[in-house]
Amino acid sequence: MRVGFGYDSHRLAEGRRLVLGGVEIPFGKGCVAHSDGDALIHAICDALLGAAGLSDIGSHFPDTDNQYKNIDSKILLAKVVELLDQKGLKINNIDSTIVIEQPKMAPYHDAMIQTLAGVMCIAPGRLAIKAKTNEKLGFVGSGDGVVCFATCTLAELKTEN
Ligand code: MG
């Protein structure tokens with residue numbers, strides 16, 4: 001079994017789409033990013049890559065590369081799962097947390113689970129997404145940013161990793 005951890009943050013600004021967990025959330029602000037700015041998917045990708053010993057999301061999909069401009073992060077997640085497959089690694093479970101002051105994530109929780117479990121070809125019960133505010137503290141609390149954390153465990157199907 002392998003354990004991974006991932007973190008991501010993005011600035012929130014007016015005039016951008018807010019996409020988290022592969023779901024578009026109607027809100028007056030969205031993530032400023034080279035991609036669609038889906039900080040939850042980015043944290044999950046880093047957890048998976050870290051557990052696999054495959055570095056991080058930035059080294060696989062550099063933000064200086066135009067092919068990733070405004071890219072749907074679900075495509076990046078699917079590519080990460082492909083890399084795990086190639087190494088004989090299978091996702092056992094993922095736990096994650098979104099920290100955002102507004103809007104409430106609860107109405108989008110089930111759609112996020114269904115969407116991301118689908119992309120990763122795992123049972124929805126193997127993915128947890130929690131959400132909380134930052135109690136008005138710091139850049140998250142002021143509504144200027146969003147932060148996401150993810151952990152995962154991977155099962156090794158081959159021993160020569
Ligand atoms: Mg990111």
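For ligands, and for the atoms within them, numbers begin at 1 and follow the listed sequence. Hydrogens, waters and symmetry mates play no part in the numbers below; they use all other heavy atoms, side chains included.
- Contact between L84 and A52 at its shortest, heavy atoms only, is CD2-CB, 3.4 Å.
- Listed here is the closest heavy atom pair of V140 and E101: O-CB, 3.4 Å.
- Heavy-atom minimum distance, T153 versus V3: CG2-CG2, 4.2 Å.
- Ordered by chain and number, D8 OD2, H10 NE2, H42 ND1 make up the set of protein N, O or S atoms under 2.8 Å of the Mg ion (ligand 1).
- D56 approaches L49 most closely through the heavy-atom pair C-CD1, 3.5 Å.
- Atom CZ of R11 has 12 or fewer neighbouring heavy atoms from other residues, nucleotides or ligands inside a 6.0 Å radius.
- Using bins of under 30°, 30° to 60° and over 60° for the plane-to-plane angle, the ring pair F61/Y68 lands in the perpendicular bin.
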